[in-house]
Amino acid sequence: MTSTLIADRTDHSAQTAIDLLLSRRSHWPLSAPAPTQQQLQHIFDAAMRAPDHGRLRPWRFITIRDEARHAFGNVLVDLAAARAPDEPRDAHEHRRQRAMAAPLIIALVAAVDRSSSVPELEQLLCVGAAAMNMLNAIHLYGYGGFWATGIDTYEPAMHRALGLDASERLLGFLFVGTPQKEKEGQLTRRPSSDAYVREWQPIQCDAARA
Ligand SMILES: Cc1cc2nc3c(=O)[nH]c(=O)nc-3n(C[C@H](O)[C@H](O)[C@H](O)COP(=O)(O)O)c2cc1C
(Lines give C-alpha, C1' and ligand atoms only; values in the text may rest on other atoms or scores of the structure.)
Protein backbone atom coordinates (compact mmCIF):
# COMPACT_ATOMS: atom_id res chain seq x y z
CA MET A 1 0.00 0.00 0.00
CA THR A 2 1.34 3.42 -0.84
CA SER A 3 0.55 6.43 1.25
CA THR A 4 0.55 10.04 0.24
CA LEU A 5 0.06 13.43 1.82
CA ILE A 6 -3.57 14.52 1.52
CA ALA A 7 -2.51 17.75 -0.18
CA ASP A 8 0.56 19.30 -1.69
CA ARG A 9 2.05 21.33 1.13
CA THR A 10 5.22 22.31 -0.65
CA ASP A 11 3.99 25.87 -1.06
CA HIS A 12 4.10 28.44 1.74
CA SER A 13 0.48 27.95 2.77
CA ALA A 14 1.30 25.34 5.41
CA GLN A 15 3.87 27.55 7.12
CA THR A 16 1.50 30.51 6.94
CA ALA A 17 -1.23 28.44 8.57
CA ILE A 18 1.15 27.20 11.27
CA ASP A 19 2.39 30.74 11.93
CA LEU A 20 -1.22 31.84 12.41
CA LEU A 21 -1.97 28.93 14.72
CA LEU A 22 1.10 29.80 16.77
CA SER A 23 -0.05 33.40 17.15
CA ARG A 24 -3.53 32.67 18.55
CA ARG A 25 -4.32 34.04 21.95
CA SER A 26 -7.40 35.07 23.83
CA HIS A 27 -8.67 38.64 23.76
CA TRP A 28 -10.86 40.54 26.21
CA PRO A 29 -12.86 42.72 25.90
CA LEU A 30 -13.92 42.70 22.27
CA SER A 31 -15.65 45.39 20.26
CA ALA A 32 -17.63 45.59 17.03
CA PRO A 33 -17.54 44.42 14.35
CA ALA A 34 -18.24 40.74 14.88
CA PRO A 35 -17.57 38.30 12.03
CA THR A 36 -19.91 38.69 9.07
CA GLN A 37 -22.70 36.14 8.65
CA GLN A 38 -20.68 34.34 5.96
CA GLN A 39 -17.56 34.25 8.14
CA LEU A 40 -19.66 33.01 11.04
CA GLN A 41 -20.97 30.22 8.82
CA HIS A 42 -17.38 29.15 8.14
CA ILE A 43 -16.55 29.38 11.85
CA PHE A 44 -19.41 26.95 12.57
CA ASP A 45 -18.30 24.78 9.65
CA ALA A 46 -14.87 24.60 11.30
CA ALA A 47 -16.60 23.21 14.40
CA MET A 48 -18.04 20.40 12.25
CA ARG A 49 -14.44 19.29 11.55
CA ALA A 50 -13.83 18.30 15.16
CA PRO A 51 -13.05 14.63 15.81
CA ASP A 52 -16.33 13.02 16.80
CA HIS A 53 -16.42 9.47 18.19
CA GLY A 54 -19.54 7.71 16.92
CA ARG A 55 -20.50 10.67 14.73
CA LEU A 56 -22.85 11.81 17.45
CA ARG A 57 -22.51 15.49 16.50
CA PRO A 58 -22.93 16.46 20.16
CA TRP A 59 -22.28 20.17 19.65
CA ARG A 60 -24.99 22.79 19.87
CA PHE A 61 -24.36 26.52 19.57
CA ILE A 62 -26.61 29.37 20.65
CA THR A 63 -25.78 32.85 19.37
CA ILE A 64 -26.53 35.91 21.47
CA ARG A 65 -26.12 39.23 19.69
CA ASP A 66 -27.52 42.68 19.04
CA GLU A 67 -30.48 43.59 21.26
CA ALA A 68 -30.63 40.09 22.77
CA ARG A 69 -27.45 40.95 24.70
CA HIS A 70 -29.47 43.40 26.82
CA ALA A 71 -31.94 40.67 27.77
CA PHE A 72 -28.98 38.35 28.44
CA GLY A 73 -27.53 41.05 30.71
CA ASN A 74 -30.80 40.95 32.70
CA VAL A 75 -30.35 37.19 33.09
CA LEU A 76 -26.83 37.71 34.46
CA VAL A 77 -28.07 40.30 36.97
CA ASP A 78 -30.99 38.03 37.97
CA LEU A 79 -28.64 35.10 38.57
CA ALA A 80 -26.25 37.18 40.68
CA ALA A 81 -29.16 38.63 42.68
CA ALA A 82 -30.56 35.13 43.30
CA ARG A 83 -27.16 34.02 44.64
CA ALA A 84 -27.17 36.87 47.17
CA PRO A 85 -30.80 37.39 48.17
CA ASP A 86 -29.84 39.67 51.09
CA GLU A 87 -28.21 42.23 48.81
CA PRO A 88 -30.10 44.85 46.77
CA ARG A 89 -30.41 44.02 43.06
CA ASP A 90 -28.48 47.21 42.25
CA ALA A 91 -25.38 45.64 43.79
CA HIS A 92 -25.26 43.25 40.83
CA GLU A 93 -25.76 45.73 38.01
CA HIS A 94 -22.11 45.37 37.00
CA ARG A 95 -22.83 41.77 35.91
CA ARG A 96 -24.69 43.28 32.98
CA GLN A 97 -21.39 44.49 31.47
CA ARG A 98 -20.40 40.90 30.73
CA ALA A 99 -23.18 40.63 28.17
CA MET A 100 -21.78 43.70 26.41
CA ALA A 101 -18.12 42.59 26.50
CA ALA A 102 -18.32 41.39 22.90
CA PRO A 103 -20.69 41.98 19.98
CA LEU A 104 -21.31 38.24 19.67
CA ILE A 105 -21.57 35.59 22.35
CA ILE A 106 -21.86 31.90 21.46
CA ALA A 107 -23.08 29.53 24.16
CA LEU A 108 -21.27 26.18 23.83
CA VAL A 109 -23.57 23.28 24.54
CA ALA A 110 -23.00 19.51 24.56
CA ALA A 111 -26.08 17.44 23.79
CA VAL A 112 -24.95 14.27 25.53
CA ASP A 113 -26.32 11.01 24.19
CA ARG A 114 -26.43 8.84 27.30
CA SER A 115 -27.72 5.85 25.35
CA SER A 116 -24.50 5.81 23.32
CA SER A 117 -21.55 3.56 24.16
CA VAL A 118 -19.34 6.62 23.66
CA PRO A 119 -18.55 7.85 27.18
CA GLU A 120 -19.88 11.24 28.19
CA LEU A 121 -16.32 12.48 28.68
CA GLU A 122 -15.55 11.81 25.01
CA GLN A 123 -18.66 13.64 23.92
CA LEU A 124 -17.64 16.66 26.01
CA LEU A 125 -14.10 16.51 24.59
CA CYS A 126 -15.60 16.51 21.12
CA VAL A 127 -17.46 19.76 21.80
CA GLY A 128 -14.28 21.18 23.34
CA ALA A 129 -12.40 20.32 20.15
CA ALA A 130 -15.16 21.97 18.11
CA ALA A 131 -14.81 25.11 20.23
CA MET A 132 -11.06 25.15 19.67
CA ASN A 133 -11.56 24.90 15.92
CA MET A 134 -13.92 27.86 16.18
CA LEU A 135 -11.39 29.90 18.18
CA ASN A 136 -8.76 29.17 15.55
CA ALA A 137 -11.12 30.10 12.70
CA ILE A 138 -12.04 33.32 14.52
CA HIS A 139 -8.33 34.11 14.83
CA LEU A 140 -7.62 33.27 11.18
CA TYR A 141 -10.22 35.84 10.15
CA GLY A 142 -8.44 38.43 12.31
CA TYR A 143 -11.08 38.59 15.04
CA GLY A 144 -10.59 37.76 18.69
CA GLY A 145 -12.24 35.21 20.91
CA PHE A 146 -12.42 34.37 24.59
CA TRP A 147 -13.82 31.17 26.11
CA ALA A 148 -15.27 31.80 29.55
CA THR A 149 -17.35 29.77 31.91
CA GLY A 150 -17.57 31.84 35.07
CA ILE A 151 -19.96 31.29 37.91
CA ASP A 152 -23.16 31.33 35.83
CA THR A 153 -22.39 28.41 33.52
CA TYR A 154 -23.20 25.70 36.02
CA GLU A 155 -26.41 27.24 37.35
CA PRO A 156 -29.69 25.50 36.46
CA ALA A 157 -31.27 28.96 36.06
CA MET A 158 -28.81 29.72 33.24
CA HIS A 159 -29.67 26.42 31.57
CA ARG A 160 -33.36 27.33 31.75
CA ALA A 161 -32.69 30.83 30.36
CA LEU A 162 -30.90 29.27 27.37
CA GLY A 163 -33.66 26.71 26.86
CA LEU A 164 -31.42 23.69 27.43
CA ASP A 165 -33.00 20.31 27.96
CA ALA A 166 -31.95 17.73 30.54
CA SER A 167 -29.45 16.00 28.23
CA GLU A 168 -27.64 19.23 27.44
CA ARG A 169 -24.63 20.57 29.31
CA LEU A 170 -23.34 24.11 29.06
CA LEU A 171 -19.58 24.27 28.49
CA GLY A 172 -19.28 28.04 28.62
CA PHE A 173 -19.42 30.94 26.22
CA LEU A 174 -17.26 32.13 23.35
CA PHE A 175 -17.04 35.92 23.32
CA VAL A 176 -16.29 37.03 19.77
CA GLY A 177 -15.43 40.38 18.22
CA THR A 178 -12.63 42.70 17.21
CA PRO A 179 -9.66 42.80 19.57
CA GLN A 180 -8.14 46.02 20.80
CA LYS A 181 -5.10 47.12 18.86
CA GLU A 182 -2.11 45.24 20.14
CA LYS A 183 1.04 46.95 21.28
CA GLU A 184 4.21 45.91 19.53
CA GLY A 185 5.37 42.50 20.76
CA GLN A 186 2.29 41.98 22.97
CA LEU A 187 1.87 38.37 21.90
CA THR A 188 1.86 36.55 25.21
CA ARG A 189 4.73 34.13 25.49
CA ARG A 190 4.05 30.42 25.75
CA PRO A 191 6.22 27.86 27.47
CA SER A 192 8.31 25.60 25.31
CA SER A 193 6.31 22.48 24.51
CA ASP A 194 9.42 20.40 25.28
CA ALA A 195 8.59 20.43 28.98
CA TYR A 196 5.23 18.77 28.25
CA VAL A 197 6.30 16.03 25.89
CA ARG A 198 8.13 12.82 26.65
CA GLU A 199 9.02 9.77 24.68
CA TRP A 200 7.52 6.55 25.96
CA GLN A 201 10.02 3.86 26.79
CA PRO A 202 9.03 0.23 27.16
CA ILE A 203 8.79 -0.48 30.87
CA GLN A 204 10.84 -3.37 32.22
CA CYS A 205 8.59 -6.44 32.46
CA ASP A 206 9.13 -6.73 36.23
CA ALA A 207 8.17 -3.09 36.79
CA ALA A 208 5.06 -3.43 34.61
CA ARG A 209 3.88 -6.47 36.59
CA ALA A 210 4.40 -4.82 39.98
C1 LIG B 1 -13.45 25.57 29.40
C2 LIG B 1 -12.74 26.88 29.66
C3 LIG B 1 -13.31 27.81 30.50
C4 LIG B 1 -12.67 29.02 30.78
N5 LIG B 1 -13.28 29.91 31.61
C6 LIG B 1 -12.66 31.07 31.92
C7 LIG B 1 -13.28 32.01 32.77
O8 LIG B 1 -14.40 31.83 33.22
N9 LIG B 1 -12.60 33.13 33.07
C10 LIG B 1 -11.33 33.36 32.57
O11 LIG B 1 -10.74 34.41 32.88
N12 LIG B 1 -10.74 32.50 31.73
C13 LIG B 1 -11.36 31.35 31.39
N14 LIG B 1 -10.77 30.47 30.54
C15 LIG B 1 -9.42 30.77 30.01
C16 LIG B 1 -9.45 31.74 28.84
O17 LIG B 1 -10.34 31.29 27.83
C18 LIG B 1 -8.05 31.89 28.21
O19 LIG B 1 -7.65 30.65 27.66
C20 LIG B 1 -7.02 32.35 29.20
O21 LIG B 1 -7.32 33.67 29.58
C22 LIG B 1 -5.59 32.30 28.65
O23 LIG B 1 -5.51 33.00 27.46
P24 LIG B 1 -4.89 32.31 26.15
O25 LIG B 1 -6.00 31.54 25.51
O26 LIG B 1 -4.40 33.48 25.34
O27 LIG B 1 -3.77 31.44 26.63
C28 LIG B 1 -11.41 29.29 30.20
C29 LIG B 1 -10.85 28.36 29.32
C30 LIG B 1 -11.49 27.17 29.05
C31 LIG B 1 -10.87 26.18 28.09
Side-chain angles (χ1 to χ4, degrees), residues 17-31 34-35 40 43-44 46-47 49-53 58-64 69 72-73 75-80 82-84 92 94-112 119-159 161-162 164 168-197:
I18 293 288
D19 288 346
L20 281 166
L21 278 181
L22 295 183
S23 65
R24 191 213 70 85
R25 68 178 187 87
S26 299
H27 295 270
W28 183 277
L30 295 144
S31 44
L40 191 56
I43 289 164
F44 287 127
R49 291 284 165 175
D52 174 16
H53 193 174
W59 44 70
R60 302 287 182 274
F61 305 112
I62 304 169
T63 55
I64 303 164
R69 289 182 304 156
F72 189 62
V75 170
L76 298 180
V77 175
D78 286 348
L79 261 62
R83 280 194 293 269
H92 307 287
H94 65 281
R95 297 288 299 163
R96 194 180 296 283
Q97 291 163 12
R98 197 171 169 82
M100 308 309 282
L104 168 66
I105 305 170
I106 303 171
L108 301 168
V109 178
V112 178
E120 176 164 346
L121 175 63
E122 295 187 21
Q123 298 184 44
L124 300 180
L125 286 170
C126 171
V127 181
M132 190 66 240
N133 264 9
M134 292 167 73
L135 281 172
N136 279 328
I138 288 162
H139 174 63
L140 294 184
Y141 275 129
Y143 296 95
F146 196 102
W147 186 345
T149 43
I151 195 164
D152 306 304
T153 291
Y154 304 110
E155 294 220 15
M158 173 59 88
H159 296 196
L162 291 172
L164 305 193
E168 294 182 319
R169 292 186 64 176
L170 184 58
L171 303 188
F173 300 90
L174 290 190
F175 291 77
V176 187
T178 301
Q180 284 166 359
K181 203 167 171 13
E182 292 187 349
K183 295 192 189 94
E184 197 72 30
Q186 204 184 8
L187 179 70
T188 42
R189 286 189 200 289
R190 304 290 147 142
S192 160
S193 56
D194 294 348
Y196 301 88
V197 182

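As the structure lists them, so they are numbered: ligands from 1, and atoms in each ligand from 1.
Summarising the contacts of atom 15 (C) of ligand 1 with Phe173, Trp28, Trp147, Phe175, the nearest heavy atom is found in Trp147.
Annotation: atom 11 (O) of ligand 1 to nearest protein heavy atom, Phe146 CZ, 3.7 Å. Scanning the protein for heavy atoms near atom 27 (O) of ligand 1, the closest one is Arg190 NH1, 2.7 Å. For atom 19 (O) of ligand 1, the closest heavy atom belonging to the protein is Ser26 OG, 3.6 Å.
Near Gly150, with a cut-off below 4.0 Å to any heavy atom, the atoms of ligand 1 are 8 (O).
One finds the CZ atom of Phe44 at 6.0 Å from the OG1 atom of Thr63 (value rounded to the nearest 0.5 Å).
Contact between Arg83 and Ile151 at its shortest, heavy atoms only, is NH2-CG2, 3.2 Å. Across all non-hydrogen atoms, the minimal contact from Asp52 to Pro58 is OD1-CD, 3.6 Å. Minimum heavy-atom separation, Thr153 to His159: O-NE2, 2.9 Å.
Ligand 1 has no nitrogen or oxygen under 3.5 angstrom from a nitrogen or oxygen of Ala148. Backbone and side-chain nitrogen or oxygen atoms of Arg25 are examined, and none is located within less than 3.5 angstrom of a nitrogen or oxygen of ligand 1.
Residue contact annotation: Arg24 has a non-hydrogen atom under 4.0 Å from ligand 1. Within the structure, ligand 1 lacks Gly172 among the residues with a heavy atom less than 4.0 angstrom away.
Remark: the backbone N or O of Leu171 is paired with a side-chain donor or acceptor of Trp147 at under 3.5 angstrom. Side-chain atoms of Arg60 do not come within 3.5 Å of backbone N or O of Ala107 as any donor-acceptor pair.
With a 4.5 Å cut-off on side-chain heavy atoms, Met132 and Arg24 count as touching.
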